[in-house]
2 protein chains.
Amino acid sequence: MGISKTELFTKKQNELANIARALGHPARIAILQHVVKINACICNDLVGELGLAQATISQHLKELKQLGLIQGTIEGTSVCYCIDPKVWEKYKKLFSEFFLEVKQASKANCSPDCC
Amino acid sequence: MGISKTELFTKKQNELANIARALGHPARIAILQHVVKINACICNDLVGELGLAQATISQHLKELKQLGLIQGTIEGTSVCYCIDPKVWEKYKKLFSEFFLEVKQASKANCSPDCC
DNA sequence: CCTATTAATCGTAATATTGCATTGAAGCGA
DNA sequence: TCGCTTCAATGCAATATTACGATTAATAGG
């Protein structure tokens with residue numbers, strides 16, 4: 001019904017999914033990459049950099065902020081964004097663990113011609 | 001307008017976002033974890049394992065298949081799913097690279113009290 | 001052939017997301 | 001103070017996603 005049944009899953013599964021969903025938009029990937037590239041702060045170069053409207057970018061920034069991936073501090077009339085290295089590191093680890101789960105899965109339970 | 005302006009972004013950004021979006025649902029995380037855990041193949045234990053309807057799970061499996069993360073081979077009357085290690089490895093690398101971009105971002109361009 | 005099992009697909013409803021124009025608030029310079 | 005700039009918040013329209021019941025298709029086993 002358009003709503004995820006989050007109660008069926010573990011906290012960790014939901015957490016992973018939330019982060020992944022936040023990264024699941026090229027604009028947000030681009031925003032993060034640009035913030036990282038400029039190395040620290042950014043206000044609304046993003047509007048010029050990506051081809052999206054200011055309102056749209058603001059919305060994407062909001063989502064990233066909610067996840068804690070970036071911080072915004074007021075800098076006079078503009079806002080200065082930078083990533084939060086601690087959160088970034090935490091999420092990086094979460095994903096690494098997830099991807100590492102596979103290792104070298106053997107084909108034990110599999111019929112010979114499966115997969 | 002509800003549609004992502006993918007043409008504004010690089011191929012790599014879109015690719016990353018696509019994978020992330022696919023991982024951006026706890027059911028798909030759970031499916032992947034279960035497939036990995038059982039180590040090779042799975043049919044529709046998933047329906048029992050997660051509390052979702054068969055149609056819903058089938059839909060999630062379809063998305064994962066479209067991404068190439070898992071393969072399904074017909075096994076009599078049931079279908080056997082397993083992850084594709086090559087694709088898994090490829091995506092793992094993509095994400096690692098993305099997360100590594102940050103490294104130890106200095107605060108060069110930043111005002112003293114920013115971030 | 002008949003039936004049960006399994007999974008894909010279709011149709012539908014509810015909800016979420018994306019993108020933007022517009023509005024609102026707050027700081028800055030004249 | 002009066003604009004001007006910068007960004008956040010809101011509200012809308014278009015589209016996507018999530019979930020499920022019902023149906024369909026394929027196969028195995030009698």
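The structure displayed is predicted, hence computed values, not measured ones. Numbered from 1 within each chain, the chains take letters A, B, ... in sequence-line order.
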Residues from residues 20-33 of chain B sitting under 4.0 Å of DNA chain D, heavy atoms only?
Arg21(B), His25(B), Arg28(B)

Any idea which of dA9(D), dT6(D), dT18(C) is nearest the Lys62(A) side chain?
dA9(D)

Check against salt bridge (charged side-chain N to carboxylate O under 4.0 Å, His left out), Lys37(B) and Glu49(B)
CA-CA 12 Å; Lys37(B) 181 176 155 206; Glu49(B) 198 71 24; 5.1 Å; no

Within residues 52-59 of chain A, find the residues that approach DNA chain D with a heavy atom at under 4.0 Å, and present them sorted by residue number.
Gln54(A), Ala55(A), Ser58(A)

Phe95(B) and Trp88(B) aromatic centres sub-6.0 Å
no

Mind calculating the distance between CD1 (Ile74(A)) and C1' (dA8(D)) to the nearest angstrom?
10 Å

Rounded to whole Å, the CD-P distance (Glu7(B) to dT18(C)) equals 15 Å

Within 6.0 Å of CD1 in Ile74(A), more than 12 heavy atoms from elsewhere
no

Are any of Tyr81(B)'s side-chain N or O atoms less than 4.0 Å away from OP1 or OP2 of dA8(C)?
yes

Taking CG from Leu61(B) and C1' from dA8(C), how many angstroms apart are they, rounded to a whole number?
11 Å

Rounded distance in Å - CG (Leu50(B)) to P (dA7(C)):
13 Å

Parallel, tilted or perpendicular: ring planes of Phe9(B) versus His25(A), cut at 30 and 60 degrees:
perpendicular

For Lys65(A), does the NZ atom have more than 12 heavy-atom neighbours from other residues, nucleotides or ligands under 6.0 Å away?
yes

Check the distance between dT5(C)'s C1' and Leu46(B)'s CG and give it to me in whole angstrom.
16 Å

State the CG-CD distance between Asn14(A) and Glu7(A), to the nearest 0.5 angstrom.
9.0 Å

OP1 or OP2 of dA8(D) versus the side-chain N and O atoms of Lys65(A): is any pair under 4.0 Å?
yes

Any side-chain N or O of His60(A) below 4.0 angstrom from OP1/OP2 of dG19(C)?
yes

Here's a test for you: under side-chain contact (heavy atoms from CB on, under 4.5 Å), which of Ile70(A), Leu61(A), Leu69(A), Leu64(A) qualifies with Arg28(A)?
Leu64(A)

Salt-bridge present (Lys92(A), Glu97(A); N to O < 4.0 Å)
no

Atom pair CG/CD1 of Asn18(B) and Ile29(A) - distance to nearest 0.5 Å:
10.0 Å

For the side chain of Thr77(B), counting heavy atoms from C-beta on, which of dA9(D), dA28(D), dC7(D) is nearest?
dA28(D)

